Number of protein chains: 2
Amino acid sequence: MTTRWLTPEEQRAWRAYIGAALLVEDALDRQLQQEAGMPHMYYSILSTLSESPERRLRMTDLAERLKITRSRLTYAVTRLEKDGLVRREDCRWDKRGSVAILTDEGMRVLEGAAPGHVETVRSLLFDRLTPEQVGQLEEIFTAVGEGFQGGTAQATGDDVPWRRRSSKSCS
Amino acid sequence: MTTRWLTPEEQRAWRAYIGAALLVEDALDRQLQQEAGMPHMYYSILSTLSESPERRLRMTDLAERLKITRSRLTYAVTRLEKDGLVRREDCRWDKRGSVAILTDEGMRVLEGAAPGHVETVRSLLFDRLTPEQVGQLEEIFTAVGEGFQGGTAQATGDDVPWRRRSSKSCS
DNA sequence: CGGGCTTGGTTAAAGTTTGAAACAAACTTA
DNA sequence: TAAGTTTGTTTCAAACTTTAACCAAGCCCG
């Protein structure tokens, strides 16, 4: 089949998106690196843990929510553990498993970094959008995200490497 | 001043965006790594060069268009040069400068990879959006991107590290 | 029970990105 | 024009990500 190239509108949208998304992530990383000494993803790890019951989550669940690989998470948690912001514990129900737990210190650091982070997100993104656009943004990326639930694979109807299964809480 | 936290709508939009953007970038990287042996950013470098007059661009201009640091670009171009896809030449007008040039081999590789890449972009993004949403996407990220033109700096009205100046073409 | 497959998590090596110097050419200006 | 500053690019080390094993614990079924 002959390639369906992008239409001019699609090209403009794609370029605007790719460029701005990169700038936003960079700015976010820089801001958090300055004020909290960690990149955005690490902040997200703390943040996700803080919202979980007992501030704890199994590694696989955490990876799944953050949409990152287990290996990447292992590395990150090891670093955060060294910094005393997260602690690991063995899962009592499944001896293979381990749980990441946000420490009090981690909670403090998170709370200290949150205002600056939110302010940045706001100034980069929401301050520039109308309320309608905020709604559109949500719809667009919800739609895009859903594409990853059912195995969209391209040309070669391959196996889907991004889908992940779930596991019991193990609180 | 007390923090202006995100509203529930903003939170939903932010989460949908962060998650999906990550998945998209990952999928793009994986697809290009498979089919072209390079990450998305490297592909963008080739692509940008291919659209420039004489397929050449000064390092700084290239970095600016791609919204990446010069250092990152240097590393990438060094690798692409090793692979024979790009060639460097000294700038005749400004002896400090150097130009990156897409080689014929680079052009071939790019052309070979383009269809698969476009197909992926389409299946991940545009196939899931209505034409109106494509328009909204462009507007949203154009607005966001414009925020980086005038120095938006946050809380501490600091110096702006992302703004870059321009330089002569040096064709 | 006892292989053999799957799952949860880590590890090692290679590749990439970052951020702060280092350098050298170009510009400014006294 | 020498001294100081800015600009274009590279370099280096440290931090991070990826990929592909690897290992142990659960699971399945004859």
Side-chain angles (χ1 to χ4, degrees), chain A residues 22 25-34 37-45 57-64 66-83 88-100 159 161-170, chain B residues 22 25-34 37-45 57-64 66-83 88-100 159 161-170:
Chain A
L22 205 50
E25 258 304 304
D26 277 8
L28 245 35
D29 273 342
R30 199 150 26 230
Q31 189 269 324
L32 281 169
Q33 194 67 56
Q34 299 281 324
M38 69 184 76
H40 184 208
M41 181 54 68
Y42 288 45
Y43 175 90
S44 299
I45 292 174
L57 227 34
R58 276 187 74 154
M59 293 295 278
T60 296
D61 292 336
L62 192 46
E64 191 171 348
L66 295 170
K67 276 104 171 85
I68 60 178
T69 62
R70 304 207 221 45
S71 149
R72 185 176 178 181
L73 181 61
T74 294
Y75 179 92
V77 166
T78 302
R79 198 264 230 192
L80 290 172
E81 203 173 18
K82 273 193 191 84
D83 294 350
R88 259 190 258 245
E89 214 171 86
D90 290 344
C91 177
R92 288 186 291 278
W93 306 344
D94 183 342
K95 275 164 210 156
R96 292 168 300 181
S98 78
V99 229
D159 176 64
W162 352 284
R163 225 255 254 74
R164 305 252 158 63
R165 322 110 216 102
S166 65
S167 59
K168 309 106 209 157
S169 264
C170 184
Chain B
L22 205 51
E25 258 304 305
D26 278 8
L28 245 36
D29 272 341
R30 198 149 27 229
Q31 190 270 324
L32 281 168
Q33 194 66 55
Q34 299 281 323
M38 68 183 75
H40 184 208
M41 181 54 69
Y42 290 43
Y43 175 90
S44 299
I45 292 175
L57 227 36
R58 273 186 79 153
M59 293 296 278
T60 295
D61 293 336
L62 192 45
E64 192 172 347
L66 295 170
K67 276 105 172 78
I68 62 178
T69 61
R70 303 201 216 48
S71 149
R72 184 176 179 181
L73 181 61
T74 293
Y75 179 94
V77 166
T78 303
R79 198 263 232 193
L80 290 171
E81 203 172 19
K82 273 193 192 84
D83 295 349
R88 259 190 259 245
E89 215 171 85
D90 290 342
C91 177
R92 286 185 293 278
W93 305 342
D94 183 342
K95 275 164 211 155
R96 293 169 298 181
S98 79
V99 227
D159 175 64
W162 350 286
R163 225 255 252 74
R164 304 254 158 61
R165 323 112 215 99
S166 66
S167 58
K168 310 104 211 159
S169 267
C170 182

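This structure is a prediction, so every number in the text was calculated from the model and none was measured. Lettering of chains follows the sequences in order, A, B, ..., and the numbering in each one begins at 1.
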Whether the side chain of B/Arg96 and the base of D/dT7 hold a donor-acceptor pair under 3.5 Å is what I'd like checked.
yes
What residues, two or more places apart in sequence or in another chain, satisfy ring-ring contact (aromatic ring centres under 6.0 Å, His included) together with A/Tyr42?
none
Rounded to the Å, how far apart are B/Trp93 CH2 and C/dA26 C1'?
17 Å
Scanning both residues in full, the closest heavy-atom pair of A/Gly97 with A/Arg58 reads CA-NH2, 3.5 Å
In this structure, how many angstroms lie between the P atom of D/dA15 and the CZ atom of A/Arg72, rounded?
17 Å
Rounded to whole Å, how long is the line connecting atom CG of B/Leu22 with atom P of D/dT17?
10 Å
Decide yes or no, distance alone: a donor-acceptor N/O pair under 3.5 angstrom between the base of D/dT9 and the side-chain of B/Arg70.
no
Return the CG to CG distance between A/Leu66 and A/Asp61, rounded to the nearest 0.5 Å.
10.5 Å
Mind checking the CD-OG1 spacing from A/Glu81 to A/Thr74? Nearest 0.5 Å is all I need.
10.5 Å
Kindly compute the distance separating CD (B/Glu25) from CG (A/Leu22), expressed to the nearest 0.5 Å.
7.5 Å
Against the side chain of A/Ser98, the closest entry in D/dT19, D/dC12, C/dG9 is C/dG9
Ignoring backbone atoms, establish whether B/Arg79 has a side-chain N or O less than 4.0 Å from OP1 or OP2 of C/dG15.
no
Using OP1 and OP2 only, check whether a side-chain N or O of A/Tyr42 sits under 4.0 Å from D/dT17.
yes
Spacing of CE belonging to B/Met41 relative to CG belonging to B/Leu73, to within rounding of 0.5 Å
9.5 Å
Pick the nucleotide of DNA chain C nearest each of A/Gln34 and A/Met59; which residue has the one closer to the 5' end?
A/Met59
Whole Å only: how far is the CG atom of B/Leu80 from the P atom of D/dT10?
13 Å
Just how far, in rounded Å, is C1' of D/dT17 from CG of B/Asp29?
10 Å
Could you tell me the separation between the NE2 atom of A/His40 and the CD1 atom of A/Ile45, rounded to the nearest 0.5 Å?
10.5 Å
Polar-atom pairs under 3.5 Å, protein N or O versus N or O of nucleotides 2-5 of chain C: list them with distances, or write none.
none

Roughly, in whole Å, what's the span from CE in B/Met41 to P in C/dT17?
7 Å
Spacing between A/Asp90 atom CG and D/dA25 atom P, to the nearest angstrom:
11 Å
Measuring to OP1 and OP2 of C/dT17, would you say a side-chain N or O of B/Tyr75 lies under 4.0 angstrom away?
no
Quick check: any donor-acceptor pair below 3.5 Å linking the side-chain of B/Thr78 to the base of D/dT10?
no
Measuring from the side chain of A/Arg88 (C-beta onward, heavy atoms only), which nucleotide among D/dC16, C/dT10, C/dT18 has the closest atom?
C/dT10
Using a distance-only criterion (donor-acceptor N/O pair, under 3.5 Å, no hydrogens), is the base of D/dG8 paired with the side chain of B/Thr60?
no
Which of these nucleotides, D/dT19, D/dT18, D/dT10, is closest to any side-chain atom of B/Arg30?
D/dT19
What's the CD-C1' distance between A/Gln33 and C/dT17, to the nearest Å?
12 Å
Go through it in stages, so that I can follow the logic: the residues are A/Thr60 and A/Arg70, the test is side chain to side chain contact (heavy atoms under 4.5 Å, CB included), and I'd like the CA-CA distance, side-chain angles, deciding distance and then a yes or no.
CA-CA 6 Å; A/Thr60 296; A/Arg70 304 207 221 45; 3.6 Å; yes
